[in-house]
Structure formats: structure tokens, C-alpha cells
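Quick note: residue numbers are just sequence positions, from 1. Excluded from the calculations below are hydrogen atoms, water molecules and symmetry mates; all remaining heavy atoms, backbone and side chain alike, are included.
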Amino acid sequence: VDFPDTLTSIEYYAFYDSALNSVVLSDSAVSVGDQAFASCYNLKTATITLSEDCQGSGLFSSCTNLETVTIKGNPKNFGYSTFSSCWNLTSVTLPDSIEIIYPFTFKSCESLESITLPSGLKEISYNCFEECTGLKSIELPDTLEVIGGNAFTGSGLISVTIPANV
């Protein structure tokens, strides 16, 4: 589904459990409500431009066939469980504006092997990458100040580059 440039908001659960297989939101920043695209089992790709204050908890949670996501815009954070249980997620592109990755954001993203974290990231909250069994290495940015408890519990990490200031 390609959404028009005039769209400014997608409300809570708007497409929950729908048969969407692709989502493309224009370059106009959009505010997205909690679980707006959650449990869309056919969804494989998503490209969205988010507004600065967008929370969107559980935005794509349980989209078990989601493989690729590109987030654009200038959001400062994601809500809880944004990509939790997206088992086939292999590629995520995040904007450098993100300062906080909230709890459970990537929980059980079993196919996620690597991720480039935003250069302005300050906090990886608790349980953020829990059970990401495919995640083998990660390089943390110099701006990072906090790694929450159990952030990488049950992950497949074998290599972590941690900046001195963390």
C-alpha cells in the first residue's frame, strides 16, 4: 500500500491483523499510533517516515514475515516492542535522530544478524535485543550512555564493540 503525501496520522490498530504485504509511507512525516501495523502476517517490507514525537509502541510487532524495514524522518525514539517477534526481520535502517531504543524493541527478531545503530543513540533500554539469536556482532556508537538490564539476554552475540564512555 502506498499512502498519499497528505496523510499525517495513522491511528492505533489501524491496520492490525490485515493482509498487507508492503507499506510505503511518503516522505512527509507521519505520526503512527500503537500497533498500527501489528500482526500483519503477510507484511514483508515497510518504508515509513516518522514524525519527531512518534511513539508507535508495537508498531510492527508480530509481523512474523517482515524482512526489511526502512525508517526515515526524525523520530527521537520508538515505543515499546516496535519489532518484537518479527522472526524473519533481517534488515533495519534507522535514522540517526533516534536517541532511545525502548524495551523489547527487537525482542525475538531471530533472523536479525546485524544492525547499524543510529550515531546519536544514547540509550538501549532493557530487553531490547532479547532472544535475537541470529545477532552475532554489534558496534555501539560513541554517543551511547546506557545499556539497560538484559538488553542482549539470549542473543547470539559473540562480538561487541563498547565505547569507553558507556
Side-chain angles (χ1 to χ4, degrees), residues 10 12 23-25 27-38 43-64 66-166:
I10 297 176
Y12 299 86
V23 172
V24 178
L25 289 174
D27 287 335
S28 299
V30 175
S31 177
V32 182
D34 293 351
Q35 297 194 20
F37 297 102
L43 189 63
K44 290 199 178 282
T45 64
T47 300
I48 62 175
T49 303
L50 297 176
S51 62
E52 182 175 333
D53 60 349
C54 181
Q55 290 289 316
S57 290
L59 182 60
F60 292 105
S61 65
S62 298
C63 291
T64 54
L66 185 63
E67 297 172 355
T68 305
V69 176
T70 300
I71 306 291
K72 300 186 289 185
N74 60 351
K76 295 290 183 195
N77 55 58
F78 283 131
Y80 289 68
S81 303
T82 302
F83 301 105
S84 68
S85 298
C86 291
W87 303 325
N88 290 303
L89 187 65
T90 59
S91 175
V92 179
T93 303
L94 303 173
D96 286 335
S97 61
I98 293 178
E99 296 177 352
I100 301 172
I101 300 177
Y102 279 145
F104 307 106
T105 294
F106 294 99
K107 183 181 188 298
S108 299
C109 291
E110 299 167 354
S111 298
L112 188 64
E113 294 180 1
S114 67
I115 185 169
T116 301
L117 296 173
S119 63
L121 187 65
K122 294 180 181 178
E123 179 179 342
I124 296 173
S125 296
Y126 61 89
N127 300 89
C128 189
F129 291 94
E130 180 183 359
E131 298 172 6
C132 290
T133 54
L135 188 63
K136 302 300 180 202
S137 66
I138 195 163
E139 185 173 333
L140 305 175
D142 291 336
T143 55
L144 192 65
E145 299 170 359
V146 177
I147 299 173
N150 298 315
F152 297 96
T153 295
S155 73
L157 279 177
I158 54 176
S159 174
V160 179
T161 303
I162 302 174
N165 59 307
V166 174

> Could you point out which residue of Thr70, Asn74, Ile71 forms a side-chain contact (heavy atoms from CB on, under 4.5 Å) with Pro95?
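Going through Thr70, Asn74, Ile71 one by one, the side-chain contact (heavy atoms from CB on, under 4.5 Å) with Pro95 is satisfied by Ile71 alone.
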
> Please name the pair of heavy atoms, one in Lys72 and one in Thr47, separated by the smallest distance, quoted to 0.1 Å.
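Closest approach of Lys72 to Thr47: CE-CG2, 3.8 Å.
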
> Using a 4.5 Å cut-off on heavy atoms from C-beta on, say whether the side chain of Ser111 contacts that of Trp87.
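Sidechains of Ser111 and Trp87: no contact.
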
> Between Glu131 and Ser108, does the side-chain hydrogen bond (donor to acceptor under 3.5 Å, both in side chains) criterion hold? Intermediate values first, please.
CA-CA 5 Å; Glu131 298 172 6; Ser108 299; 2.8 Å; yes

> Would you call the rings of Tyr126 and Phe104 parallel, tilted or perpendicular, taking 30° and 60° as the class edges?
perpendicular

> How close do Leu66 and Ala46 get, heavy atom to heavy atom, and via which atoms?
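In terms of heavy atoms, the two residues are closest at CD1-N, 4.3 Å.
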
> Ignoring hydrogens and geometry, is there a side-chain-to-backbone donor-acceptor pair from Asp34 to Ser57 under 3.5 Å?
yes

> Nearest heavy-atom pair of Thr82 and Gly79: which atoms, and what distance?
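Looking at all heavy atoms of both residues, the closest pair is OG1-O, 2.8 Å.
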
> Roughly how far, to the nearest 0.5 Å, is the CD1 atom of Ile158 from the CD1 atom of Ile138?
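It comes to 13.0 Å.
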
> So which atom in Ala151 and which in Ile124 form the shortest heavy-atom distance, rounded to 0.1 Å?
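For Ala151 versus Ile124, the nearest heavy atoms are CB-CG2, 4.2 Å.
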
> Grab the two heavy atoms, one from Ser31 and one from Ser51, that are nearest each other, plus how far apart they are.
CA-OG, 3.6 Å

> What I'd like to find out is whether the side chain of Leu89 reaches to under 4.5 Å of the side chain of Phe60, using heavy atoms alone.
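In short, these two side chains do not touch, never coming nearer than 4.5 Å.
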
> Minimum heavy-atom separation for Leu50 and Ile48, please, with both atom names.
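So the minimum-distance heavy-atom pair works out to CD2-CD1, 3.6 Å.
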
> Are any non-hydrogen side-chain atoms of Ser85 and Ser61 less than 4.5 angstrom apart?
no

> Asn77 and side-chain contact (heavy atoms from CB on, under 4.5 Å): which partner among Thr105, Ile100, Ile101?
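For Asn77, the side-chain contact (heavy atoms from CB on, under 4.5 Å) check succeeds only for Ile100.
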
> Could you point out which residue of Asp96, Leu144, Leu140, Leu94 forms a side-chain contact (heavy atoms from CB on, under 4.5 Å) with Leu121?
Leu144

> Between the side chains of Thr133 and Glu110, does any donor sit under 3.5 Å from an acceptor?
no

> Do Val92 and Phe106 make a side-chain contact, defined as non-hydrogen atoms from C-beta onward lying under 4.5 Å apart?
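Val92 reaches Phe106 side chain to side chain.
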
> SG/Cys132 to NZ/Lys107 distance, rounded to the nearest 0.5 angstrom?
9.5 Å

> Could you measure the distance from the CD1 atom of Ile10 to the CZ atom of Phe37? Nearest 0.5 Å is fine.
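One gets 4.0 Å once the value is rounded to the nearest 0.5 Å.
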
> Return the CZ to OG distance between Phe129 and Ser155, rounded to the nearest 0.5 Å.
9.5 Å

> Are Leu25 and Thr49 packed together at the side-chain level, in the sense that at least one heavy-atom pair is separated by less than 4.5 angstrom?
no

> Look only at the side chain of Thr143 and the backbone of Ser119, and say whether a donor-acceptor pair between them is shorter than 3.5 Å.
yes

> Between the side chains of Glu123 and Ser125, is a donor N or O closer than 3.5 angstrom to an acceptor N or O?
yes

> What's the spacing between Phe83 CZ and Cys63 SG if we round to 0.5 Å?
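SG of Cys63 is found 9.5 Å from CZ of Phe83.
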
> Working to the nearest 0.5 Å, report the span between CG of Asn88 and SG of Cys109.
10.0 Å

